[in-house]
Amino acid sequence: MNPLAATAAALVAPGKGILAADESIPTMSARLAKAGVPPTGHNRHAYREMLVTTPGLSQGISGVILCAETLGQRVSDGRPFPVAIRELGMLPGIKADTGTRPLAGTTGETVTEGLDGLAPRLRRYAGAGAMFAKWRAVFRIGPGSPSAIAIRANAQALARYASACQKAGLVPIVEPEVLMEGDHSLSQCEVVTSLVLLQVTSELQDYGVDFGGIVLKPNMVLPGSASAGHATAGQVAVATAAVLGALPAALAGVAFLSGGQRPARATENLAALQQMPRIWPFTFSFGRALVDPALAAWRGEDGRVAAGQLALARRVAMNVAALEGRYNPEQDFAPELA
Ligand code: 13P
């Protein structure tokens, strides 16, 4: 197996998922403030250190996605974050995009930027210890959106990024996210996600990207958060598996994002997805659905690090149970977690 395929296979190894702890400084600051924690650099560092040093984290986590700020920092014992993560039995990764900007020619749509200077930046990240990278494209369902040009522009950027990653020896995590926000139905989300994935696949093929060295990070297919409709986990799993049907068999694996679903709901849907016939590993690459309970339990207090770590370990254990067919939603839907 070539080194990229080996890293990609390790990221989607049985019984393991990926921890997304790569929020940009503004996003992380907003999440800290919302949790009542002063949004300082000190607290961002303390929070990330709490997450990655959670005892036993590598039992359910294959890799941790960091933002550039954290990649260059050290944990309290002096080891750089990527070194500590490796020594704790996980793979360090990095967010490589620089966020969304308005896409000219559209009404309110965005394109994800970060292609300028990407190749040298990826080489620097690899030199700092990153083994994989992530790029998130965002699509909003609304009247007239996503438009064909927004789908094309974002899919092409994902493919250029993925190609540059593989040249730099990094496994690309390719993340096209159709947002849950909106009043659309499950079937509207299914159609849009399917169009987006077809375009992304076609661009990846045109750029000659090696699918064996890619992890796809899509949204689950869900009704909009403002829609009246509710979908069961079984309905979500069927619709989600359907949109993945056109992906190449060579793809290393699929790691779903949580997209703002409540933690237990994301886990229940992940468990249902394991029941679907498929040819790739299905796992999780959750941000909020793993870390929100940890942030709430920690509250920015030194004396509550163990409580924060326990909350993260519990969510990881629930998601591993989902991967292994042992998940029991009745034990998980505690009011504060659901
Ligand atoms: P969520 O699981 O919170 O959607 O985050 C995943 C992610 O990496 C967003 O880019």
Side-chain angles (χ1 to χ4, degrees), residues 11-12 17-32 34-35 47-48 51-52 60-71 90-100 110-114 130 132-140 154 157-158 161-162 165 171-182 189 193 196 200 214-222 224-225 236 240 253-270 273 282-296 311-312 315-316 318-319 322-323 337:
L11 286 170
V12 296
I18 300 164
L19 168 62
D22 60 317
E23 301 90 343
S24 64
I25 292 175
T27 301
M28 190 66 246
S29 299
R31 296 209 177 139
L32 288 172
K34 194 166 163 223
Y47 171 66
R48 261 67 183 254
L51 295 179
V52 306
I61 295 294
S62 55
V64 183
I65 318 176
L66 304 173
C67 67
E69 179 185 47
T70 315
L71 189 78
M90 298 170 287
L91 303 178
I94 177 75
K95 183 226 289 291
D97 67 70
T98 57
T100 57
T110 62
V111 64
T112 299
E113 296 199 338
F132 66 99
K134 176 193 113 169
W135 181 289
R136 172 175 177 257
V138 182
F139 306 92
R140 187 178 294 277
N154 278 291
L158 273 169
Y161 138 83
C165 275
V171 167
I173 294 199
V174 171
E175 181 179 1
E177 176 174 5
V178 177
L179 294 174
M180 186 170 70
E181 283 92 65
C189 182
T193 305
V196 165
V200 169
I214 290 185
V215 174
L216 180 73
K217 177 167 173 168
N219 53 286
M220 297 178 189
V221 173
L222 303 165
S225 50
V236 169
T240 303
V254 179
F256 295 98
L257 60 92
S258 64
Q261 298 180 76
R262 289 172 301 162
R265 186 69 63 199
T267 308
E268 190 186 19
N269 290 337
L270 181 68
L273 275 158
F282 280 176
T283 187
F284 60 92
S285 175
F286 292 164
R288 286 162 288 178
L290 287 176
V291 301
D292 279 358
L295 179 54
L312 173 61
R315 285 271 34 100
V316 171
M318 290 291 164
N319 285 293
L323 298 180
L337 294 167

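Worth saying up front: this structure is predicted, and the values here are computed from it rather than measured. Each ligand, and each atom within it, is numbered from 1 in the order the structure gives.
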Measure [X] to ligand 1 on non-hydrogen atoms and call it side chain, backbone, both or neither using the 4.0 Å cut-off.
X	answer
R288	both
A20	side chain
E175	side chain

If you count the atoms of ligand 1 from 1 in the order shown, which ones are under 4.0 Å from a heavy atom of [X]?
X	answer
F286	2 (O)
G259	1 (P), 2 (O), 4 (O)
G287	1 (P), 2 (O), 3 (O), 5 (O), 6 (C)
S258	1 (P), 2 (O), 3 (O), 4 (O)

Self-check item: Shortest non-hydrogen separation from F284 to G60 and the atoms involved
Solution: CZ-O, 3.8 Å
Touching ligand 1 at all, [X]? Heavy atoms, strictly under 4.0 Å?
X	value
K217	yes
A289	no
E23	no

Quiz prompt | Protein heavy-atom partner closest to atom 10 (O) of ligand 1 - residue, atom, separation in Å | solution = K134 NZ, 2.5 Å
Quiz item: About how many Å separate CG of N219 and CZ of F139, when rounded to the nearest 0.5 Å?
Solution: 9.5 Å
Quiz item: Going by heavy atoms in the side chains, are T100 and T112 under 4.5 Å from each other?
Solution: yes
Self-check item: Non-hydrogen side-chain atoms of L216 and P176 separated by less than 4.5 Å
Solution: yes
Quiz prompt | Test item: T240 side-chain N/O and V221 main-chain N/O as donor-acceptor pair under 3.5 Å | solution = yes
Quiz prompt | Under 3.5 Å donor-acceptor, Y161 side chain and P172 backbone | solution = no
Quiz item: Sequence neighbours excluded, which residues qualify as side chain to side chain contact (heavy atoms under 4.5 Å, CB included) partners of R136?
Solution: D97, K134, V138, E175, E177, L179
Quiz item: Between E23 and R48, is there a salt bridge with N-O shorter than 4.0 Å?
Solution: yes
